[in-house]
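Residue numbers count from 1 along this sequence. Everything numeric here is computed off the predicted structure, so don't read it as measured data. All values below were derived from every heavy atom in this structure, side-chain atoms included, with hydrogens, water molecules and symmetry-related copies excluded.
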Amino acid sequence: MSKGLQTRDTALREALAQASHVGLKNITIGTLADSLSMSKSGLFAHFRSKEQLQVDVLDHAADLFTRTVIQPALKEPRGLERLRALVDLWLGWDGYADWAMPGGCIFISATMEFDDEPDGPVRDRLVAQQTQWFDSIETVVRGAIREGQLREDLDTLQFAHELYGLMLGHHVASRLLRDPAARERAHTALDRLVAGAAPDAASPAPA
């Protein structure tokens with residue numbers, strides 16, 4: 001890796017760690033330069049603007065999430081084993097794993113920051129990433145359906161939304177309430193979600 005790429009990588013790792021604590025909106029080229037004891041002009045050459053820095057932080061986080069959550073989960077056998085691995089690694093990403101961000105899941109905190117903001121580069125990138133994440137969850141769920149472990153008429157997007165809700169609950173229980181049983185509660189919720197989607201479970205009545 002060239003010196004320039006090393007500098008950029010170091011800056012993004014530091015910015016991501018800070019953003020998980022203080023929020024993505026509070027990350028600027030100036031504050032990042034101060035924390036790294038670098039010149040603002042030097043960092044500006046890498047990112048050009050505050051918005052571009054924030055977009056690049058999200059991209060850096062997505063790459064890290066892919067390497068530490070998605071790719072290891074995909075090594076597991078297709079079906080519920082892969083789904084459970086995905087959830088457990090996702091929970092680790094939110095705080096208990098040694099590779100997690102100090103402030104927990106950056107995507108959850110950024111969602112809270114940008115959900116009501118006007119469309120723009122940062123919000124648009126976050127929306128695209130989270131849409132892709134829902135698609136990835138659905139893909140894993142469809143694998144479990146093909147394995148006969150979940151019922152064929154399952155609404156995979158609804159399942160993905162409920163799974164995401166489980167993760168939001170874990171974030172609150174673990175990080176705000178500091179509940180030592182947060183991880184176990186999340187797994188219990190996953191067991192119930194899976195049981196409700198099992199082939200022998202009754203399909204929900206139409207609305």
Side-chain angles (χ1 to χ4, degrees), residues 16 20 58-112 115 125-177 179-207:
L16 177 56
S20 76
L58 286 176
D59 286 344
H60 183 73
D63 180 66
L64 182 61
F65 186 82
T66 297
R67 288 186 282 111
T68 57
V69 177
I70 297 177
Q71 290 177 350
L74 292 179
K75 293 179 182 179
E76 299 298 326
R78 186 175 69 178
L80 291 180
E81 191 170 348
R82 183 175 295 177
L83 177 65
R84 292 185 183 279
L86 187 70
V87 171
D88 197 48
L89 290 163
W90 192 7
L91 292 172
W93 167 266
D94 195 39
Y96 80 80
D98 56 6
W99 36 260
M101 294 300 102
C105 180
I106 182 64
F107 302 115
I108 291 178
S109 59
T111 295
M112 302 305 176
D115 55 358
R125 183 59 56 86
L126 185 60
V127 168
Q129 289 175 337
Q130 294 308 288
T131 300
Q132 185 177 16
W133 177 226
F134 274 109
D135 290 343
S136 297
I137 296 172
E138 283 194 87
T139 297
V140 174
V141 173
R142 291 190 193 102
I145 293 173
R146 287 193 290 271
E147 293 297 312
Q149 297 169 331
L150 298 176
R151 66 173 185 268
E152 292 184 356
D153 66 342
L154 182 66
D155 184 335
T156 56
L157 183 55
Q158 179 63 35
F159 188 100
H161 273 271
E162 293 182 28
L163 189 61
Y164 206 106
L166 178 161
M167 190 63 199
L168 292 174
H170 171 268
H171 185 84
V172 171
S174 175
R175 308 206 66 84
L176 178 64
L177 304 181
D179 181 358
R183 186 180 172 193
E184 288 73 22
R185 295 186 195 284
H187 280 293
T188 297
L190 175 62
D191 290 342
R192 291 176 178 172
L193 182 59
V194 167
D200 58 351
S203 300

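For the pair Glu138 (side chain) and Leu157 (backbone), a donor-acceptor distance under 3.5 Å is present. Arg82 places no side-chain N or O within 3.5 Å of a backbone atom of Val141 that could act as its donor or acceptor partner.
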Could you please spell out the steps behind the side-chain contact (heavy atoms from CB on, under 4.5 Å) verdict for Met101 and Leu64? CA-CA 10 Å; Met101 294 300 102; Leu64 182 61; 3.6 Å; yes

Could you please spell out the steps behind the side-chain contact (heavy atoms from CB on, under 4.5 Å) verdict for Leu150 and Leu80? CA-CA 8 Å; Leu150 298 176; Leu80 291 180; 4.0 Å; yes

side-chain contact (heavy atoms from CB on, under 4.5 Å) evaluation trace for Asp191 with Arg84: CA-CA 9 Å; Asp191 290 342; Arg84 292 185 183 279; 2.7 Å; yes

Evaluate salt bridge (Lys or Arg N to Asp or Glu O under 4.0 Å) for Arg183 paired with Asp88, printing each intermediate quantity in order. CA-CA 9 Å; Arg183 186 180 172 193; Asp88 197 48; 3.1 Å; yes

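Here the CD1 atom belonging to Ile106 is positioned 9.0 Å from the CG atom belonging to Leu126, to the nearest 0.5 angstrom. Going from atom OG of Ser136 over to atom CD1 of Ile70 covers 5.0 Å, rounded to the nearest 0.5 Å. Distance check: Thr156 OG1 to Asp135 CG gives 9.5 Å after rounding to the nearest 0.5 Å. Between atom NE2 of residue His170 and atom CG of residue Asp94 there is a gap of 5.5 Å, rounded to the nearest 0.5 Å. In this structure, Cys105 SG and Arg175 CZ are separated by 9.5 Å, a value rounded to the nearest 0.5 Å. Annotation: the span from Thr139 atom OG1 to Arg78 atom CZ amounts to 11.5 Å, rounded to 0.5 Å.
Gln149 places none of its side-chain heavy atoms less than 4.5 Å from the side chain of Leu83. Looking at heavy atoms from C-beta onward, Thr188 lies out of side-chain contact with Arg185 at the 4.5 angstrom threshold. By the 4.5 Å heavy-atom criterion applied to side chains, His187 and Glu184 are not counted as neighbours. By the 4.5 Å heavy-atom criterion applied to side chains, Trp99 and Leu89 are counted as neighbours. Between Arg142 and Leu154 the shortest side-chain heavy-atom distance does not fall below 4.5 Å. Side chains of Phe65 and Gln129 form no contact here, defined as non-hydrogen atoms less than 4.5 Å apart.
When all heavy atoms are compared, the tightest approach of Asp179 to Ala181 is OD1-N, 2.9 Å. Ser20 approaches Gly103 most closely through the heavy-atom pair OG-N, 2.9 Å. Heavy atoms only, all atoms of each residue included: Gln158 and Asp155 are closest at N-OD1, 3.0 Å. A pairwise comparison of heavy atoms in Gly79 and Glu147 identifies CA-CG, 4.2 Å as the closest pair. Scanning both residues, Gly92 and Ala100, for their nearest heavy atoms gives O-CB, 3.2 Å. In terms of heavy-atom proximity, Ile145 sits nearest to Glu152 at CG2-CA, 3.9 Å.
Taking the six-membered ring for Trp and thresholds of 30 and 60 degrees, Trp90 and Tyr164 have ring planes more than 60 degrees apart, a perpendicular arrangement.
Heavy-atom contacts from other residues, nucleotides or ligands closer than 6.0 Å to CZ of Arg146 number more than 12.
Separation of the Phe107 and Trp133 ring centroids does not fall under the 6.0 Å cut-off.
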